[in-house]
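Reviewing the structure listed below.
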Amino acid sequence: MRRAIRIAVLVVLGLLILPYALTPLYRSGHPVSTLMIWRKLSGAPMSRQWIDFSAMSPALPRTVIASEDAKFCSHHGVDWDSLRDVIDDAEDGEVTRGGSTITQQVAKNLFLWQGRSYVRKALELPLAMWIDAVLSKQRILEIYLNIAEWGPGGQFGAETGARYAFGRSAASLSHREAALMASILPNPVKRSARNPGPGVRRLAGTYMARAQAAELRSCWPEKRGS
């Protein structure tokens, strides 16, 4: 019995340590998310075509930061102010936002599971800080844009999402198209950049204006002429 308990403890510790050991390996390559793996294993549709950060339209990362995580360039994986606001809202019975940074979403998508869970959140926070310490901001954003779900039929990654929505590569997205894609990130099953409803169009307008008006401090090398 004691041996079984020791083995179980070692297995759990191994699973907890594994993401920290794998993160440095993700400085390069084309990582996939746990949801992508699950869809593959379950036989559900799944498609993803990787696109390097340097090849993307600059409008896409700028707009995604403006919509998802305005402090991306300055925080260290976790936006504590935003997290406190979410906790305050929850205590008041108003859960209206997630409060997760882009880095936290990378941690969740690469190593954890979907859905709301205090256990997952407790694992996610230190892992996000580790990812921020080990990977560059550009690489974190590149991974996020390539593993995010961007369509109702298992379309993952910006390139696949752009081709599904607009019939063109993520390299040639306009500001408006990038904003439409950013607008559907919370729920690409119910929201569509391909056939946007009034709500998505309003959000896209807000995000496009925010990305263009805000002085977003880039934390990655800008492409010439961007």
Side-chain angles (χ1 to χ4, degrees), residues 4-53 55-56 60 64 68-69 77 98-132 134-135 139-167 169-170 181-195:
I5 293 174
R6 284 198 297 269
I7 292 174
V9 169
L10 289 174
V11 169
V12 171
L13 288 175
L15 291 174
L16 292 175
I17 293 171
L18 184 60
Y20 293 87
L22 288 176
T23 297
L25 302 179
Y26 289 159
R27 291 190 180 106
S28 61
H30 300 167
V32 297
S33 69
T34 53
L35 181 57
M36 294 166 67
I37 294 171
W38 172 251
R39 290 185 71 94
K40 271 288 189 184
L41 292 176
S42 65
M46 196 285 287
S47 58
R48 194 276 295 273
Q49 183 177 345
W50 182 277
I51 180 171
D52 290 339
F53 188 91
M56 295 178 191
L60 186 60
V64 167
E68 295 279 290
D69 186 2
S100 292
T101 64
I102 286 173
T103 315
Q104 286 176 250
Q105 293 180 64
V106 167
K108 177 190 72 175
N109 290 340
L110 282 182
F111 302 117
L112 303 173
W113 59 92
Q114 306 299 309
R116 294 182 180 274
S117 166
Y118 289 114
V119 173
R120 196 210 71 203
K121 187 64 70 174
L123 296 173
E124 180 185 294
L125 294 177
L127 184 52
M129 291 187 286
W130 172 245
I131 290 172
D132 184 84
V134 172
L135 304 180
R139 179 58 176 169
I140 292 169
L141 192 53
E142 180 180 55
I143 291 174
Y144 176 68
L145 294 171
N146 276 286
I147 62 175
E149 190 174 7
W150 248 309
Q155 290 88 5
F156 288 85
E159 180 69 7
T160 303
R163 291 186 180 278
Y164 171 77
F166 309 114
S169 171
M181 289 188 64
S183 299
I184 70 167
L185 273 174
N187 195 332
V189 175
K190 293 184 177 180
R191 299 181 184 181
S192 174
R194 188 176 188 173
N195 299 299

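Count residues from 1 along the sequence. Since the structure is predicted, the reported quantities are computational estimates derived from the model, not experimental observations. Reckoned from all heavy atoms, side chains included, excluding hydrogens, waters and symmetry mates.
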Checking the side chain of [X] only, and the main-chain atoms of [Y] only, is there a donor and an acceptor separated by less than 3.5 Å?
| X | Y | value |
| --- | --- | --- |
| D52 | A55 | no |
| R163 | A170 | no |
| T160 | G157 | no |

Separation between [atom1] of [X] and [atom2] of [Y], rounded to the nearest 0.5 Å:
| X | Y | atom1 | atom2 | result |
| --- | --- | --- | --- | --- |
| L127 | L110 | CG | CG | 8.5 Å |
| S42 | L35 | OG | CG | 9.0 Å |
| M129 | T101 | CE | OG1 | 10.5 Å |
| L18 | T23 | CG | OG1 | 9.0 Å |
| I140 | T103 | CD1 | OG1 | 4.5 Å |
| S33 | K108 | OG | NZ | 10.0 Å |

TODO: Apply side chain to side chain contact (heavy atoms under 4.5 Å, CB included) to N195 and list each qualifying residue two or more places apart in sequence or on a separate chain.
DONE: S192

So do the side chains of [X] and [Y] get within less than 4.5 Å of each other, counting heavy atoms only?
| X | Y | result |
| --- | --- | --- |
| R120 | Q114 | no |
| N109 | I143 | no |
| Q104 | K121 | yes |
| M181 | F166 | yes |
| V64 | I102 | yes |

Where do [X] and [Y] come nearest, in terms of heavy atoms and distance?
| X | Y | result |
| --- | --- | --- |
| Q49 | N146 | O-OD1, 4.1 Å |
| F156 | R48 | O-CG, 3.2 Å |
| W150 | L145 | CZ3-O, 3.1 Å |
| T34 | F111 | CG2-C, 3.9 Å |
| I147 | P31 | CG2-O, 3.5 Å |
| A128 | G77 | CB-O, 3.7 Å |

Task: Neighbour count above 12 (heavy atom, 6.0 Å) for W113 CH2 - done: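 Counting other residues, nucleotides and ligands, CH2 of W113 exceeds 12 neighbours.
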
Open item on the list: I'd like to know whether L185 forms a side chain to side chain contact (heavy atoms under 4.5 Å, CB included) with Y144, so could you lay out the CA-CA distance, the side-chain angles of the two residues, the decisive distance to 0.1 Å, and finally the verdict.
Closed with: CA-CA 11 Å; L185 273 174; Y144 176 68; 3.7 Å; yes

Open item on the list: If only side-chain N and O atoms count, and only distance matters, is there a donor-acceptor pair under 3.5 Å linking E68 with Q105?
Closed with: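 Side chains of Q105 and E68: pair found under 3.5 Å.
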
Open item on the list: Does R194 qualify as a cation-pi partner of Y164, given the criterion of NZ or CZ under 6.0 Å from the six-membered ring centre and within 45 degrees of its axis?
Closed with: yes

Open item on the list: Below 30° counts as parallel, above 60° as perpendicular, anything between as tilted: where do the rings of W130 and Y20 land?
Closed with: tilted

